[in-house]
Student: 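Shown below is the structure under consideration.
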Amino acid sequence: MLRIMSVVAQIKASAVKAIASLYNVELQEKDILVNATKPEFKGDYTIVLFAFVKQLKKSPDALGNELGNKLISENSELFSSFNIIKGFLNLSITDSYWNHFLQLQYHNEHFGIQPSNGKKVMVEYSSPNTNKPLHLGHLRNNFLGWSIAEILKASGYEIVKTCIVNDRGIHICKSMIAWQLFANDATPESTGIKGDHFVGDYYVKFNDEYKKQVEALKATGVSQDEAEREAPIMKAAQQMLVDWEAGNAEVIELWKIMNGWVYNGFNTTYQRIGSNFDKTYYESNTYLLGKDLVESGLQKGVFFQQEDGSVWIDLTADGLDQKIVRRKDGTSVYITQDIGLAEQKQKEFGCDQSIYVVGDEQNYHFKVLKLICQKLELPSADQIYHLSYGMVELPTGKMKSREGTVVDADDLVDEMVNIAQQKTIELGKVKDFTEEELQQLYDTIGLGALKFFLLRVDPKKKMIFNPEESIDFHGFTGPFIQYTYARIKSILRKSGTDAVSAIDGYSSSLLPLEKELVILLETFPSIIEEAATEHDPSKVSIYVFNLAKTFNSFYAEHSIANAETESKKTLRLQIARFTAQVIKTGMSLLGIHVPERM
RNA sequence: GGUCCCGUAGUUCAAUGGAUAGAAUAGAAGUUUCCUAAACUUUAGAUACAAGUUCGAUUCUUGUCGGGACUACCA
């Protein structure tokens with residue numbers, strides 16, 4: 001595939017060359033700051049001169065003039081003119097360059113997609129517990145994981161998507177106990193309740209009953225602590241965990257049945273939101289991993305043993321605390337499992353990087369995990385990358401299941417799809433669609449709105465979701481971009497896309513909005529690159545929105561089908577087709593579909 | 001107590017140390033004989049506070065005030 005250097009890269013390269021020949025000074029391309037020129041000034045791209053004024057011992061104006069003249073004389077096919085304002089060298093790119101670029105790329109369906117670079121990256125995301133259904137936080141996690149995987153794929157990496165299911169532990173036993181006590185053999189089938197919700201309901205029932213028992217005990221005069229320890233239902237759950245670990249057949253059987261219900265529910269949700277994994281790990285299989293590493297760590301002197309037999313690592317020299325890695329009863333803890341799992345993944349897939357999409361509440365955990373792996377000199381150590389994302393919060397603060405303020409994933413998806421349906425019917429533009437096509441359209445729009453809402457924000461930052469106000473379908477939203485796409489496709493259908501052909505000579509001049517669009521389109525590959533290196537899908541979201549917005553202005557200002565001349569019509573059709581292509585690719589990097597009509 | 005993160009229009013979000021801090025939404029005023037008005041155009045509105053570094057600070061440093069996370073022999 002033909003790879004063209006981006007305009008910005010060309011500007012940097014030619015500036016380095018010009019400065020070398022003018023002043024005999026060797027600069028690096030990264031030393032040269034090139035920005036898009038602000039709209040109030042003439043030009044397309046701007047070189048900021050201050051950075052090397054001192055080094056070259058020139059006044060900004062003199063430097064700008066000499067550099068500007070040199071650039072134009074050496075690169076006449078690229079630069080048409082320049083001006084200098086207060087230390088900023090504004091460069092205009094020739095229309096013929098933009099035309100040439102457009103002719104080369106407008107029909108390229110893989111524009112922005114890099115060929116394989118031979119490297120493999122693992123992305124772990126979702127990581128649900130099997131005692132309750134998925135919620136809004138899981139959605140952000142899933143969409144981020146999916147999008148990062150797509151963005152890295154587009155950057156040339158091979159991707160392995162994994163999920164670790166937390167399917168064992170006291171919380172699962174709580175649901176199981178409550179089911180035994182209160183269900184009277186009810187099942188998701190008998191009640192018609194989705195499996196994960198069904199099991200989640202018993203988890204809630206457990207907590208209700210537990211609370212009652214604690215209160216009852218306290219009424220008899222025991223302390224809060226003791227009541228919490230002695231509540232019969234809690235003791236039953238703890239006993240069940242012991243039985244599970246001992247392999248008690250009856251308990252294991254029930255555990256399998258209830259987890260099966262939950263997996264059915266999860267699968268429905270994953271399918272609905274378009275998420276999947278290449279490999280799913282289950283903690284019931286991995287929780288014993290890492291034990292042997294504790295032994296070797298002890299021998300290497302990385303870990304130390306306390307008198308009670310528990311094993312620790314001292315990270316105080318690294319500014320962290322002491323951390324336990326094996327309990328006194330010999331069982332391993334969460335972090336030990338994670339060390340073992342990291343090694344397991346490494347052996348199984350041999351990836352160059354392993355990305356964990358996990359909330360920022362676990363920043364400390366991953367810092368410790370990486371550090372321990374490094375101290376143990378494990379091959380997996382340097383591949384660990386924690387893609388830490390902020391929590392989704394309500395205006396009132398954190399979502400709390402105990403207070404019933406959790407926004408359920410299935411409910412939210414349903415709500416979004418319903419709104420999409422309602423608005424589509426109101427507008428009445430697709431009355432000829434079949435029922436199946438309509439359902440698909442509602443899903444596309446509803447999920448598009450939801451995914452875009454969660455992916456338009458910098459992943460590192462926490463974000464606020466207000467359940468009182470539904471997610472918007474206007475403005476900086478998924479449906480806005482989908483609508484722009486559908487509009488373009490409509491134009492192309494009416495004109496016949498095959499009619500688009502090369503225009504004569506690359507000489508036709510571009511109107512401001514035409515040029516703005518071509519310039520934006522040209523930056524798409526570098527946006528993907530930036531999103532990949534920063535692990536930040538919001539870069540793509542913002543870009544695609546700006547592209548759609550610019551196209552809509554263009555569309556309102558200039559007619560495509562009834563353009564002034566035939567060559568203008570061809571040019572605009574090419575721009576429109578190219579824009580649609582980039583919107584489609586960009587949205588696919590976010591896991592969002594675009595409709596042909598809406 | 002310790003470690004870390006965050007304070008930008010009424011609200012939700014942008015801004016690799018660069019020009020007059022961008023958008024969206026809510027507000028005000030407009031646009032439909034013509035390619036989809038889920039659109040377009042115009043308008044008003046913000047860097048918590050105080051010092052410092054710099055030609056230049058939302059961005060870097062320090063302090064103050066406010067908010068949050070983590071600091072489990074839970075996962």
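So that the names make sense, note that chain A is the first sequence line, chain B the second, and so on, each numbered from 1. Being a predicted model, the structure only gives us computed values, none of them experimental.
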Student: Which one, B:rA19, B:rA23, B:rA69, comes nearest to the side chain of A:Glu361?
Tutor: B:rA69

Student: In the structure shown, which nucleotide is the Watson-Crick or G-U wobble counterpart of B:rU20, with both distances under 3.5 Å?
Tutor: none

Student: With respect to the side chain of A:Glu283, which nucleotide from B:rA75, B:rU25, B:rC34 is positioned closest?
Tutor: B:rA75

Student: Need one value for A:Asn90: base, sugar-phosphate or nothing, where a base atom within 4.0 Å counts as base even if backbone is also close, heavy atoms only.
Tutor: base

Student: Round to the nearest Å and state the distance from A:Met463 atom CE to B:rU11 atom P.
Tutor: 17 Å

Student: What's A:Phe545 touching, base or sugar-phosphate or nothing? Going by heavy atoms closer than 4.0 Å.
Tutor: sugar-phosphate

Student: For A:Asn552 and for A:Lys367, locate the closest nucleotide of RNA chain B by heavy-atom distance; then report the residue assigned to the nucleotide nearer the 5' terminus.
Tutor: A:Lys367

Student: Please determine, for B:rA72, whether a Watson-Crick or G-U wobble partner exists with both distances under 3.5 Å, and give it or none.
Tutor: none

Student: A:Phe554: which residues meet the ring-ring contact (aromatic ring centres under 6.0 Å, His included) condition with it, sequence neighbours left out?
Tutor: A:Phe551, A:His558

Student: With both distances under 3.5 angstrom, what nucleotide forms a Watson-Crick or G-U wobble pair with B:rA28?
Tutor: B:rU42

Student: Could you tell me if the ring centre of A:Phe524 sits under 6.0 Å from that of A:Tyr543?
Tutor: yes

Student: For atom C1', what is the distance between B:rC40 and B:rC34, given to the nearest Å?
Tutor: 15 Å

Student: Over how many whole Å does the gap from A:His386 atom NE2 to B:rC70 atom P extend?
Tutor: 13 Å

Student: Please work out whether the ring planes of A:Phe452 and A:Phe476 are parallel, tilted or perpendicular, with thresholds of 30° and 60°.
Tutor: perpendicular

Student: Could you check how far CD of A:Glu40 sits from P of B:rU20, rounded to whole Å?
Tutor: 9 Å

Student: Can you see if the side chain of A:Arg327 gets near the phosphate of B:rA75 - specifically, an N or O under 4.0 Å from OP1 or OP2?
Tutor: yes

Student: Are more than 12 heavy atoms from other residues, nucleotides or ligands located less than 6.0 Å from atom NE2 of A:His593?
Tutor: no

Student: Is there a side-chain polar atom (N or O) of A:Arg493 under 4.0 Å from OP1 or OP2 of B:rU36?
Tutor: no

Student: Using a heavy-atom cut-off of under 4.0 Å over every strand shown, decide if A:Phe41 touches base, sugar-phosphate, or nothing.
Tutor: base

Student: Calculate the interatomic distance between A:Leu241 atom CG and B:rC74 atom P; express it in whole Å.
Tutor: 10 Å

Student: Please work out if A:Lys569 contacts a base, only the sugar-phosphate, or nothing of the nucleic acid, heavy-atom cut-off 4.0 Å.
Tutor: nothing

Student: Round to a whole Å and report the spacing from CZ of A:Phe366 to P of B:rA75.
Tutor: 15 Å

Student: Name the closest nucleotide to the A:Arg168 side chain, picking from B:rA23, B:rC40, B:rA75.
Tutor: B:rA75

Student: If stacking means aromatic ring centre less than 5.5 angstrom from the base's six-membered ring centre, planes under 30°, is A:Phe480 stacked on B:rA39?
Tutor: no

Student: Of the listed nucleotides (B:rC70, B:rC13, B:rA75), which one gets closest to any side-chain atom of A:Lys398?
Tutor: B:rC70

Student: If you check every side-chain atom of A:Ser310, which of B:rC73, B:rA14, B:rA19 has the closest atom?
Tutor: B:rC73

Student: Using a cut-off of 4.0 Å on non-hydrogen atoms, how would the nucleic acid contact of A:Val457 be classed: base, sugar-phosphate, or nothing?
Tutor: sugar-phosphate

Student: To the nearest 0.5 Å, tell me how far A:Ile481 CD1 sits from A:Leu547 CG.
Tutor: 9.0 Å

Student: Checking contacts here: which listed nucleotide (B:rU25, B:rA75, B:rA24) is nearest the side-chain heavy atoms of A:Phe476?
Tutor: B:rA24

Student: Mind running side-chain hydrogen bond (donor to acceptor under 3.5 Å, both in side chains) on A:Tyr281 and A:Glu124 for me, showing each step along the way?
Tutor: CA-CA 10 Å; A:Tyr281 290 99; A:Glu124 180 199 282; over 6 Å; no

Student: For B:rA26 versus B:rG10, give the span between their C1' atoms, rounded off to a whole number of Å.
Tutor: 8 Å

Student: In terms of side-chain heavy atoms of A:Lys539, which of B:rA15, B:rU25, B:rU36 is nearest?
Tutor: B:rA15

Student: What contact category does A:Thr484 fall into here, base, sugar-phosphate, or nothing, at under 4.0 angstrom with non-hydrogen atoms?
Tutor: nothing

Student: Can you tell me how far C1' in B:rG45 sits from the matching atom in B:rA23, rounded to whole Å?
Tutor: 14 Å

Student: Kindly indicate whether the side chain of A:Thr130, heavy atoms from C-beta on, has any atom under 4.5 Å from the side chain of A:Val199.
Tutor: no

Student: Can you tell me how far P of B:rA39 sits from CD1 of A:Ile445, to the nearest Å?
Tutor: 12 Å

Student: Whom does B:rA9 pair with, Watson-Crick or G-U wobble, provided both distances fall under 3.5 Å?
Tutor: none

Student: OP1 or OP2 of B:rC35 less than 4.0 angstrom from a side-chain nitrogen or oxygen of A:Lys494, does that happen here?
Tutor: no

Student: Base, sugar-phosphate, or nothing: which does A:Asp308 touch, judged by heavy atoms less than 4.0 Å apart?
Tutor: base

Student: With a 6.0 Å cut-off (strictly less than), is the heavy-atom count around CD of A:Gln440, excluding the residue itself, greater than 12?
Tutor: no

Student: Scan A:Ile464 against the nucleic acid and name what it touches under 4.0 Å (heavy atoms): base, sugar-phosphate only, or nothing.
Tutor: sugar-phosphate

Student: Can you tell me the pairing partner of B:rA37 across any strand shown, Watson-Crick or G-U wobble, with both distances under 3.5 angstrom?
Tutor: none

Student: Would you indicate, yes or no, if B:rA39 has its OP1 or OP2 atom less than 4.0 angstrom from a side-chain nitrogen or oxygen of A:His474?
Tutor: yes

Student: So, does A:Lys54 get its side chain near the phosphate of B:rC55, meaning an N or O under 4.0 Å from OP1 or OP2?
Tutor: yes

Student: Which nucleotide, B:rG18, B:rU36, B:rA39, lies nearest any side-chain atom of A:Phe88?
Tutor: B:rG18

Student: Check every strand shown and say whether A:Ala556 touches a base, only sugar-phosphate, or nothing at a heavy-atom separation below 4.0 Å.
Tutor: sugar-phosphate

Student: I want to verify a distance call: between B:rA75, B:rU3, B:rC34, whose nearest atom is closest to the A:Asn166 side chain?
Tutor: B:rA75

Student: Quick one: OH on A:Tyr203 to CG on A:Asn129, what's the gap to the nearest 0.5 Å?
Tutor: 8.0 Å

Student: May I ask you to evaluate whether A:Lys86 reaches the phosphate of B:rU20, defined as a side-chain N or O under 4.0 Å from OP1 or OP2?
Tutor: yes

Student: Want to settle it: does A:Tyr483 or A:Lys460 sit nearer the 5' end of RNA chain B, counting the closest nucleotide to each?
Tutor: A:Lys460

Student: Let me confirm one number: the CG-CG distance from A:Asn141 to A:Leu136, rounded to the nearest 0.5 Å.
Tutor: 11.5 Å

Student: Take the protein atom CD1 of A:Ile324 and the nucleotide atom P of B:rC74, then report the distance between them rounded to whole Å.
Tutor: 8 Å

Student: Between B:rU41 and A:Ser553, is there an OP1 or OP2 to side-chain N/O distance shorter than 4.0 Å?
Tutor: yes

Student: Base, sugar-phosphate, or nothing for A:Thr46, non-hydrogen atoms under 4.0 angstrom?
Tutor: base

Student: Picking from B:rC55, B:rC40, B:rC34, which would you name as closest to the side chain of A:Lys549?
Tutor: B:rC40

Student: With C1' as the reference atom in both, quote the distance from B:rA24 to B:rA46 in angstrom, rounded to an integer.
Tutor: 15 Å

Student: For B:rC49, what is the paired nucleotide under Watson-Crick or G-U wobble rules, both distances under 3.5 Å?
Tutor: B:rG63

Student: A:Tyr364 has an atom OH; how far is it from atom P of B:rC74, in whole Å?
Tutor: 16 Å

Student: Just checking A:Arg326: base, sugar-phosphate only, or nothing, at a heavy-atom cut-off of under 4.0 Å?
Tutor: nothing

Student: Hey, does A:Tyr334 reach any base, or is it just sugar-phosphate, or nothing, if we go heavy atoms under 4.0 Å?
Tutor: base

